[in-house]
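Computed from heavy atoms alone, side chains included, the values below leave out hydrogens, waters and symmetry copies. Note on naming: letters A, B, ... go to the chains in the order of the sequence lines (proteins, then strands), and numbering restarts at 1 for each one.
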Amino acid sequence: MNLTDLEQIRVDKINALLDKGIPAYPMRSEITLRIGEAIRRYEAAEAGAADGAAPDTVEATIAGRMRSLRVMGKLAFTHIEDDTGRIQLFLRVNELGDQLALFKEYFDIGDFIEATGTIVRTKTGEISLLTTNLRMLAKSITPLPAAKEEVVDGVTIRHTGLSDPEIRYRQRYADLIVNPDVKRIFKTRSKIVSALREFLDSHDFLEVETPILQPIYGGAAARPFTTHHNQLHQDLYLRISFELYLKRLLVGGLDRVYEIGRDFRNEGVSYKHNPEFTQLEFYCAYFDYLKVMNFTEEMIRFTAEKALGTTKVTYNGVEIDFGKPWKRVEMRAGILEKTGIDFAKYESAETLAAAMAEKGIKSKPGLQRGKLIDQLVSEYLEPTFIEPTFLYDYPWEISPLAKRKPDDPTITERFEGYVAGMELCNAFTELNDPIDQEVRFLEMGRAYDAEDDENNPIDEDYLRAMRYGMPPNGGFGMGIDRLTMLLTDSSTIREVLLFPHLRDRGQTGESAEGAEPA
RNA sequence: GGGCGUAUAGCUCAAUGGUAGAGCAGUGGCCUUUUAAGCCAUUUGUUUUGGGUUCGAGUCCCAAUACGCUCACCA
């Protein structure tokens with residue numbers, strides 16, 4: 001163990017305590033109240049007392065991490081904090097005797113301590129525990145990165161903080177201790193997931209779990225992570241989506257299913273992409289994409305209300321209201337409006353690329369028609385969708401699992417939801433025709449051969465399942481991380497992931513240079 | 001993978017090519033109502049790493065590493 005000078009000083013204190021027979025890491029704590037509850041009880045007693053009378057009957061044993069320290073001779077103040085709140089300890093030699101000297105000598109900011117006493121208000125009116133007994137619960141060796149804090153009108157201001165993003169993400173535990181907003185984000189995230197579950201459960205959906213290790217990956221266009229089962233001598237993939245397994249369940253008669261879980265995509269990392277991310281997918285028999293649209297509006301509104309208490313959020317300085325109906329933009333009309341190009345008039349990639357070139361829109365040579373249209377969407381439409389917007393009716397080439405429109409087989413009943421210029425969700429009237437599905441899979445394989453070295457193997461078992469008969473249904477997928485970004489005003493996905501993916505730096509988190517002098 | 005930027009004490013940051021500093025934290029002392037407590041004293045550095053230019057490099061040049069922004073990629 002390589003200790004800094006500051007850490008060595010703390011270790012010396014641990015040993016000094018042990019010499020006095022005081023363990024630095026005792027087995028148990030004997031708290032009677034958590035801090036938030038202790039404060040509530042005192043306030044309730046105050047409210048119930050006669051005017052001006054200060055209650056002195058609330059006794060408690062509480063515990064938490066020391067976050068501040070002010071020592072003055074025979075008197076000291078320290079704040080301790082647990083997950084429910086923060087309270088000042090009022091430490092006097094009058095009550096503590098020799099324990100005060102021990103405290104001054106060996107206790108530091110960052111330590112977990114336990115205190116017994118009576119709750120009072122100090123001269124300045126702050127609720128405090130007049131402490132009669134103190135115990136070390138867990139000595140902190142590494143000093144907290146934030147030294148001092150000030151609470152002004154209930155808002156904690158850090159005068160020295162932890163702001164280096166690399167340390168914040170690599171040592172999230174320190175970040176959580178020191179930056180209160182981080183805790184808030186992850187508590188909100190948990191509420192979001194609970195609200196989504198509550199909403200779906202209340203609409204008779206069944207939550208299921210499907211394989212993460214898959215022999216054939218599918219349901220999205222992304223490169224997978226590959227792994228290997230040693231005993232079975234079998235290559236396996238980490239799933240890139242749940243879609244094909246969930247729809248097998250519709251064949252089996254589970255009419256409404258959903259899954260919340262991790263997807264893995266071996267692609268670039270960005271402010272809205274992480275190699276592993278959390279997805280919600282649901283499938284609902286006898287829904288079509290219009291019903292899914294309405295359902296989505298309702299679900300997100302419900303979730304925002306449950307998680308935030310309001311449907312209005314400010315994201316990146318812009319106010320967004322999930323309480324209002326989403327804007328709806330048909331893709332063909334939207335592209336025509338923004339670029340003057342009506343893609344329906346161009347049936348091949350070549351003619352469409354030529355039309356784009358005429359407008360001065362450069363595209364990569366050899367791109368298939370669907371991808372050209374996709375390029376127009378991401379360049380000209382996506383950034384303009386700040387208010388919640390559904391973009392609907394996608395070309396069939398980029399939607400192999402969606403059902404074609406009856407009046408136009410080149411268009412599928414598919415929509416994506418956009419908020420703040422970011423794709424949030426993707427849904428369609430699911431293709432349930434096994435014969436068309438096989439055609440589409442073969443077509444997709446051809447497209448891959450043409451432009452990628454990637455080959456997406458056909459999932460024969462999925463086709464077999466479809467041949468048994470799949471009810472017409474609407475399906476939906478949404479990135480939970482992105483929804484959390486929107487609802488917590490986080491500008492990058494890393495802020496809503498407890499442990500975002502970072503390049504490996506070795507176990508110590510330091511560069512692995514040895515002590516060899518070469 | 002490309003471009004741009006950043007890397008100095010435990011934390012937040014200074015330092016014209018000329019002796020590497022401040023605040024906070026730490027350590028020692030004083031202090032019985034503080035809350036960024038205060039006062040006195042004081043310690044801490046392989047300036048990310050490796051090369052180079054120079055009489056002299058934290059500073060200029062090259063390379064590596066990590067992180068940030070951005071582009072590409074991502075039905």
Peer 1: According to the Watson-Crick and G-U wobble definitions, with both distances under 3.5 Å, which nucleotide is paired to B:G17?
Peer 2: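 Checking every strand shown, B:G17 finds no partner, since no pair has both distances under 3.5 Å.
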Peer 1: Angle class for the A:F390/A:W326 ring planes (parallel below 30°, perpendicular above 60°, tilted otherwise)?
Peer 2: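 Rings of A:F390 and A:W326: parallel, under 30°.
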Peer 1: Would you please name every residue forming a side-chain contact (heavy atoms from CB on, under 4.5 Å) with A:S140, sequence neighbours left out?
Peer 2: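 A:S140 satisfies side-chain contact (heavy atoms from CB on, under 4.5 Å) with A:R10, A:D111 only.
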Peer 1: So does A:R503 get a side-chain nitrogen or oxygen closer than 4.0 Å to the phosphate oxygens (OP1/OP2) of B:A66?
Peer 2: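 True: A:R503 side-chain N/O within range (under 4.0 Å) of B:A66 OP1/OP2.
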Peer 1: Within this structure, what is the CG-to-C1' distance between A:L442 and B:A75, rounded to whole angstrom?
Peer 2: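 Spelled out: CG on A:L442 to C1' on B:A75 is 17 Å.
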Peer 1: Applying the Watson-Crick and G-U wobble criteria at under 3.5 Å, what pairs with B:C24? Answer none if nothing qualifies.
Peer 2: B:G10
Peer 1: Please enumerate all residues that pass salt bridge (Lys or Arg N to Asp or Glu O under 4.0 Å) together with A:E438, with sequence neighbours excluded.
Peer 2: none
Peer 1: Is a donor from one side chain sitting under 3.5 angstrom from an acceptor on the other, for A:D175 and A:Q171?
Peer 2: no
Peer 1: If each of A:D164 and A:T78 is mapped to the nucleotide of RNA chain B with the nearest heavy atom, which maps nearer the 5' terminus, i.e. the 5' end?
Peer 2: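 Residue closer to the 5' terminus by nearest nucleotide: A:D164.
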Peer 1: Please determine, for the side chain of A:R170, which listed nucleotide (B:C73, B:A66, B:C69) has the closest atom?
Peer 2: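 Side chain of A:R170 sits closest to B:A66.
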Peer 1: Under a 3.5 Å cut-off for both contacts, is B:C30 paired Watson-Crick or G-U wobble with anything, and if yes, with which nucleotide?
Peer 2: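 Base partner found: B:G38.
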Peer 1: If you measure from the C1' atom in B:U32 to the same atom in B:U48, how many Å do you get, rounded?
Peer 2: 48 Å
Peer 1: Sticking with atom P, work out how far B:C13 lies from B:C4, rounded to a whole angstrom.
Peer 2: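 Going atom to atom, P in each nucleotide, I get 24 Å.
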Peer 1: Please identify each residue that fulfils ring pair (Phe, Tyr, Trp, His ring centres under 6.0 Å) with A:F90, with sequence neighbours left out.
Peer 2: A:F77
Peer 1: What's A:Q88 touching, base or sugar-phosphate or nothing? Going by heavy atoms closer than 4.0 Å.
Peer 2: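 Contact class for A:Q88: base.
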Peer 1: Apply ring pair (Phe, Tyr, Trp, His ring centres under 6.0 Å) to A:Y392 and list each qualifying residue two or more places apart in sequence or on a separate chain.
Peer 2: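 Partners of A:Y392 by the ring pair (Phe, Tyr, Trp, His ring centres under 6.0 Å) criterion come out as none, since no residue qualifies.
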Peer 1: Within the 4.0 Å heavy-atom criterion, would you say A:G268 contacts the bases, only the backbone, or no part of the nucleic acid?
Peer 2: base
Peer 1: Can you tell me if A:K364 touches the phosphate of B:C73, counting only side-chain N or O atoms and a distance under 4.0 Å to OP1 or OP2?
Peer 2: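 It does, given that an N or O in the side chain of A:K364 lies less than 4.0 Å from OP1 or OP2 of B:C73.
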Peer 1: Between A:E81 and A:K183, does any NZ, NE, NH1 or NH2 come within less than 4.0 Å of an OD or OE carboxylate oxygen?
Peer 2: no
Peer 1: Roughly, in whole Å, what's the span from CD in A:E416 to C1' in B:C74?
Peer 2: 12 Å
Peer 1: Once you round it to whole Å, what is the distance between P of B:C74 and CD of A:Q279?
Peer 2: 18 Å
Peer 1: Determine the interatomic distance between C1' on B:U70 and the same-named atom on B:C61; round to the nearest Å.
Peer 2: 26 Å
Peer 1: Please report the distance separating the C1' of B:G17 from the corresponding atom of B:G52, rounded so that it comes out in whole Å.
Peer 2: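 It works out to 15 Å between them.
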Peer 1: Distance check needed: B:U34 C1' versus A:I127 CD1, whole Å only.
Peer 2: 17 Å
Peer 1: Within residues 398-405 of chain A, which residues have any heavy atom lying less than 4.0 Å from an atom of RNA chain B?
Peer 2: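 The answer is A:I398, A:P400.
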Peer 1: Is there a Watson-Crick or G-U wobble partner for B:G45 with both distances under 3.5 Å, and which nucleotide is it?
Peer 2: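 Answer to the pairing question: none, since B:G45 forms no Watson-Crick or G-U pair.
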Peer 1: Rounded to whole angstroms, how far apart are CZ on A:R67 and P on B:A36?
Peer 2: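 It is 15 Å, rounded to the nearest whole Å.
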Peer 1: Under the ring pair (Phe, Tyr, Trp, His ring centres under 6.0 Å) rule, collect the residues that match up with A:F476, sequence neighbours excluded.
Peer 2: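 Once residues adjacent in sequence are excluded, the partners of A:F476 under the ring pair (Phe, Tyr, Trp, His ring centres under 6.0 Å) criterion are A:F282.
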Peer 1: Tell me whether A:K20 is salt-bridged to A:E105, with the criterion being a basic N under 4.0 Å from an acidic carboxylate O.
Peer 2: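 No, this pair does not count.
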Peer 1: So if I take every side-chain heavy atom of A:R70 and compare against B:C73, B:A66, B:A37, which nucleotide ends up nearest?
Peer 2: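 Nearest to the side-chain atoms of A:R70, counting from C-beta on, is B:A37.
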Peer 1: Applying ring pair (Phe, Tyr, Trp, His ring centres under 6.0 Å), can you list everything that pairs with A:Y418, at least two apart in sequence or on another chain?
Peer 2: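 A:F385.
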Peer 1: Work out how far the P atom of B:A9 is from that of B:U54, and round it to whole angstrom.
Peer 2: 30 Å
Peer 1: In Watson-Crick or G-U wobble terms, both distances under 3.5 Å, what is the partner of B:C67?
Peer 2: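 B:C67 is paired with B:G5.
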Peer 1: Can you measure A:F225 atom CZ to B:C74 atom P for me and round it to whole angstrom units?
Peer 2: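 For the pair A:F225 CZ and B:C74 P, the rounded distance is 16 Å.
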Peer 1: Between protein and nucleotides 26-33 of chain B, what N or O pairs are separated by less than 3.5 Å?
Peer 2:
{"from": "B:U27", "atom 1": "OP1", "to": "A:K13", "atom 2": "NZ", "distance (Å)": "2.7"}
{"from": "B:C31", "atom 1": "N3", "to": "A:G73", "atom 2": "N", "distance (Å)": "3.1"}
{"from": "B:C31", "atom 1": "N4", "to": "A:G73", "atom 2": "N", "distance (Å)": "3.4"}
{"from": "B:U32", "atom 1": "OP2", "to": "A:K74", "atom 2": "N", "distance (Å)": "3.3"}
{"from": "B:U32", "atom 1": "N3", "to": "A:N94", "atom 2": "OD1", "distance (Å)": "3.0"}
{"from": "B:U32", "atom 1": "O4", "to": "A:N94", "atom 2": "OD1", "distance (Å)": "3.3"}
{"from": "B:U33", "atom 1": "O2", "to": "A:K123", "atom 2": "N", "distance (Å)": "3.0"}

Peer 1: How far, in whole Å, is B:A72 from B:G2 if one measures between their P atoms?
Peer 2: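 Those two atoms are separated by 16 Å.
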Peer 1: Could you work out the separation of B:U8 and B:C67 based on their P atoms and round it to a whole Å?
Peer 2: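 Those two atoms are separated by 15 Å.
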Peer 1: Would you say A:K272 places a side-chain N or O within less than 4.0 Å of OP1 or OP2 belonging to B:C74?
Peer 2: no
Peer 1: Between the side chains of A:E413 and A:T429, is a donor N or O closer than 3.5 angstrom to an acceptor N or O?
Peer 2: yes
Peer 1: List the residues meeting side-chain contact (heavy atoms from CB on, under 4.5 Å) with A:H273, not counting sequence neighbours, and say none if there are none.
Peer 2: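 Applying side-chain contact (heavy atoms from CB on, under 4.5 Å) to A:H273 gives A:S270, A:R482.
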Peer 1: Starting at atom CG of A:L502, determine the distance to atom P of B:U65, rounded to an integer number of angstrom.
Peer 2: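 Whole-Å distance recorded here is 16 Å.
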Peer 1: In whole Å, what separates the P atom of B:U34 from that of B:G18?
Peer 2: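 Pairwise P distance, B:U34 against B:G18, rounds to 48 Å.
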Peer 1: Among the candidates B:C67, B:C74, B:C13, find the nucleotide nearest to the side-chain atoms of A:S163.
Peer 2: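 Within the option list, the nearest is B:C13.
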Peer 1: Does the structure show a Watson-Crick or G-U wobble partner for B:G58, both distances under 3.5 Å? Name it, or say none.
Peer 2: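 Answer to the pairing question: none, since B:G58 forms no Watson-Crick or G-U pair.
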Peer 1: In this structure, how many angstroms lie between the P atom of B:G68 and the CD1 atom of A:I493, rounded?
Peer 2: 13 Å
Peer 1: Below the 4.0 Å mark, does B:C69 have OP1 or OP2 next to a side-chain nitrogen or oxygen of A:R494?
Peer 2: yes
